[in-house]
Trainee: 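There's a structure below that I have some questions on.
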Amino acid sequence: MNNQLGSTFYQSEDVVILAKRLLGKKIVSSVKGIITAGLIVETEAYKAPEDRASHAYGNRRTHRTSTMFEQGGKAYIYRCYGIHHLFNVVTAPEGVAHAILIRAIEPIENVDTMLSRRKMSKVTPNLTNGPGKWTVAMGITVDYNGISLIDKQSPVQIFSYPDITDDKILASPRVGVDYAGECALWPWRFRIKDNIWSGK
DNA sequence: CACCGGATTGGCT
DNA sequence: GCCAATCCGGTGT
């Protein structure tokens with residue numbers, strides 16, 4: 001019940017299904033010997049080649065997108081607006097560029113460290129309720145792009161927890177992808193209903 | 001090599 | 001609600 005997710009999980013289903021199944025799973029970082037952890041409460045699926053919102057739209061293979069084409073179970077991390085570090089879980093077999101953006105977590109371990117990294121004094125949802133916020137709280141940067149999430153020694157690991165049932169999942173269009181035409185309407189953003197730690 | 005713009009956030013009006 | 005921050009990836013010259 002509390003085991004690290006293995007290679008099979010990341011290739012077992014379509015990325016849209018896996019984006020829902022990642023909800024409620026535990027994500028742990030170990031940065032310079034400091035461990036922080038949270039539960040995944042908000043995700044978005046990105047599915048190349050047909051998804052215009054994906055960096056790998058049309059199977060565009062560049063230096064940046066190459067991580068997304070690797071075998072499922074790696075981390076695709078990129079810099080957004082020159083400032084923020086956004087973390088994705090790569091899924092599917094090698095050559096298929098599917099990824100899941102983790103947009104929010106519920107902090108559960110070493111919250112003091114998270115507060116200090118975010119330069120905050122009080123615990124509020126603002127601590128981890130955005131894709132550029134929780135990576136700061138957990139000490140994750142683009143330096144980790146391409147790392148394995150399956151390896152037992154990895155600085156970022158994801159652990160099995162019971163799936164959240166569909167009746168407790170809220171599906172809606174993805175955030176900030178207006179440029180993607182009709183793909184912007186696809187309801188591939190998933191949140192745990194009534195969870196205060198997911199975004200608005 | 002120049003230009004355009006972004007899977008966001010936080011501060012200020 | 002508006003907008004600056006900040007920098008690099010992708011594209012075309």
Side-chain angles (χ1 to χ4, degrees), chain A residues 14-20 22-23 27 38 40-70 72 74-92 96-107 114-147 149 156 158 169-192 196-200:
Chain A
D14 183 85
V15 66
V16 177
I17 304 290
L18 289 177
K20 291 195 263 186
L22 268 188
L23 293 174
I27 183 164
I40 297 168
V41 298
E42 179 176 351
T43 60
E44 279 178 1
Y46 287 84
K47 187 177 181 179
E50 64 266 40
D51 180 5
R52 222 175 145 175
S54 169
H55 296 156
Y57 172 59
N59 278 337
R60 191 165 50 183
R61 268 184 193 261
T62 64
H63 177 66
R64 180 172 66 151
T65 64
S66 64
T67 311
M68 270 197 285
F69 287 89
E70 293 186 36
K74 300 229 167 118
Y76 168 54
I77 308 171
Y78 72 95
R79 195 186 302 263
C80 183
Y81 293 100
I83 306 168
H84 307 292
H85 303 256
L86 272 52
F87 177 98
N88 298 255
V89 172
V90 174
T91 73
V96 180
H98 291 179
I100 300 164
L101 172 68
I102 296 184
R103 293 190 55 90
I105 65 154
E106 172 178 338
M114 296 196 199
L115 281 170
S116 135
R117 285 175 177 155
R118 289 271 291 134
K119 304 187 194 326
M120 291 172 58
S121 51
K122 269 175 49 181
V123 177
T124 70
N126 183 47
L127 181 61
T128 56
N129 69 354
K133 296 176 185 177
W134 76 267
T135 52
V136 170
M138 290 189 55
I140 294 171
T141 72
V142 293
D143 292 344
Y144 287 155
N145 181 42
I147 62 165
L149 302 171
V156 182
I158 302 178
I169 297 176
L170 193 60
S172 59
R174 294 168 295 179
V175 176
V177 296
D178 292 345
Y179 58 85
E182 67 170 32
C183 307
L185 303 175
W186 297 349
W188 287 358
R189 177 194 190 193
F190 302 106
R191 284 172 284 176
I192 300 178
I196 64 160
W197 298 97
S198 69
K200 291 183 281 293

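In what follows, chains carry the letters A, B, and so on, assigned in the order in which the sequence lines appear, proteins first and then strands, with residues in each chain numbered from 1.
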Trainee: Do A:Arg52 side-chain atoms and A:Ala180 backbone N/O form a donor-acceptor pair below 3.5 Å?
Mentor: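 No, because the side chain of A:Arg52 does not come within donor-acceptor range (under 3.5 Å) of the backbone of A:Ala180.
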
Trainee: State which of B:dA7, C:dT6, B:dT8 makes the closest approach to the side chain of A:Ile83.
Mentor: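 Side chain of A:Ile83 sits closest to C:dT6.
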
Trainee: Can you give me the closest heavy-atom contact between A:Ala19 and A:Ile100, atom names plus distance?
Mentor: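 Smallest interatomic distance, heavy atoms only, reads N-CD1, 3.5 Å.
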
Trainee: Return yes if some donor-acceptor pair links the side-chain N/O of A:Trp197 with the main-chain N/O of A:Thr124 below 3.5 Å, else return no.
Mentor: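 Not confirmed, A:Trp197 side chain does not pair with A:Thr124 backbone.
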
Trainee: How is the base pairing of DNA chain C summarised as a dot-bracket string, given the Watson-Crick and G-U wobble criteria with both distances under 3.5 Å, [ ] for crossing and | for another strand?
Mentor: |||||.||||||.

Trainee: With respect to the phosphate group of B:dT9, does any side-chain polar atom (N or O) of A:Arg118 fall under 4.0 Å of OP1 or OP2?
Mentor: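 For B:dT9, neither OP1 nor OP2 has a side-chain N or O of A:Arg118 closer than 4.0 Å.
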
Trainee: Establish, with yes or no, whether the OP1 or OP2 oxygen of B:dG10 is under 4.0 angstrom from a side-chain nitrogen or oxygen of A:Asn126.
Mentor: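 Affirmative; the distance criterion is met.
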
Trainee: Return yes if some donor-acceptor pair links the side-chain N/O of A:Asn88 with the main-chain N/O of A:Tyr76 below 3.5 Å, else return no.
Mentor: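 Judged by distance alone, yes, a pair lies under 3.5 Å.
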
Trainee: Could you give me the CA-CA distance, side-chain angles and deciding distance for A:Val156 and A:Tyr144, then say whether side chain to side chain contact (heavy atoms under 4.5 Å, CB included) is met?
Mentor: CA-CA 9 Å; A:Val156 182; A:Tyr144 287 155; 4.2 Å; yes

Trainee: Please determine which of A:Arg174, A:Arg191, A:Arg103 meets the salt bridge (charged side-chain N to carboxylate O under 4.0 Å, His left out) test together with A:Glu44.
Mentor: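 Among A:Arg174, A:Arg191, A:Arg103, the one that satisfies the salt bridge (charged side-chain N to carboxylate O under 4.0 Å, His left out) with A:Glu44 is A:Arg103.
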
Trainee: Establish, with yes or no, whether the OP1 or OP2 oxygen of B:dA7 is under 4.0 angstrom from a side-chain nitrogen or oxygen of A:Tyr179.
Mentor: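 Indeed, a polar side-chain atom of A:Tyr179 lies that close.
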
Trainee: Could you check whether A:Tyr46 and A:Trp188 have their ring centres less than 6.0 Å apart?
Mentor: no

Trainee: With a 4.0 Å heavy-atom cut-off, tell me which residues in residues 41-60 of chain A come close to DNA chain B, sorted by residue number.
Mentor: A:Tyr46, A:Ala53, A:His55

Trainee: Could you tell me how far apart A:Tyr81 (OH) and B:dA7 (C1') are, to the nearest whole angstrom?
Mentor: 8 Å

Trainee: Are the side chain of A:Asn129 and the backbone N or O of A:Ala104 linked by a donor-acceptor pair below 3.5 Å?
Mentor: no

Trainee: Nearest 0.5 Å please: distance from the CG atom of A:Leu86 over to the OG1 atom of A:Thr135.
Mentor: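 One finds 6.5 Å between CG of A:Leu86 and OG1 of A:Thr135.
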
Trainee: Round to the nearest Å and state the distance from A:Lys119 atom NZ to B:dG11 atom P.
Mentor: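 In whole Å, B:dG11 P lies 12 Å from A:Lys119 NZ.
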
Trainee: Tell me the interatomic distance from A:Tyr76, atom OH, to B:dA7, atom C1', rounded to whole angstroms.
Mentor: 9 Å

Trainee: Rounded to whole angstroms, how far apart are CH2 on A:Trp188 and P on B:dA7?
Mentor: 16 Å

Trainee: Base, sugar-phosphate alone, or nothing: which one does A:Arg174 contact when heavy atoms must sit under 4.0 Å apart?
Mentor: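 If one applies the 4.0 Å heavy-atom cut-off, A:Arg174 turns out to touch nothing in the nucleic acid.
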
Trainee: Check whether the side chains of A:His85 and A:Tyr78 place a donor and an acceptor atom closer than 3.5 Å, and report yes or no.
Mentor: no

Trainee: What interatomic distance, in whole Å, is found between P of C:dT6 and the corresponding atom of B:dA2?
Mentor: 22 Å

Trainee: How many whole angstroms separate atom CZ of A:Arg79 from atom P of C:dG10?
Mentor: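 Atom-to-atom, A:Arg79 to C:dG10, this comes out as 14 Å.
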
Trainee: What is the separation between atom CZ on A:Arg103 and atom C1' on B:dT8, rounded to the nearest whole Å?
Mentor: 9 Å

Trainee: Of the nucleotides C:dC8, B:dT9, B:dA7, which has the atom closest to the A:Lys133 side chain?
Mentor: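 Of the options given, the side chain of A:Lys133 lies nearest B:dT9.
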
Trainee: To the nearest Å, how far apart are A:Ile77 CD1 and B:dT8 C1'?
Mentor: 16 Å

Trainee: Just N and O in the side chain of A:Thr62: are any of them under 4.0 Å from OP1 or OP2 of C:dG10?
Mentor: yes

Trainee: Rounded to whole Å, please give me the gap between CG in A:Leu86 and C1' in B:dT9.
Mentor: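 Those two atoms, CG and C1', are 11 Å apart.
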
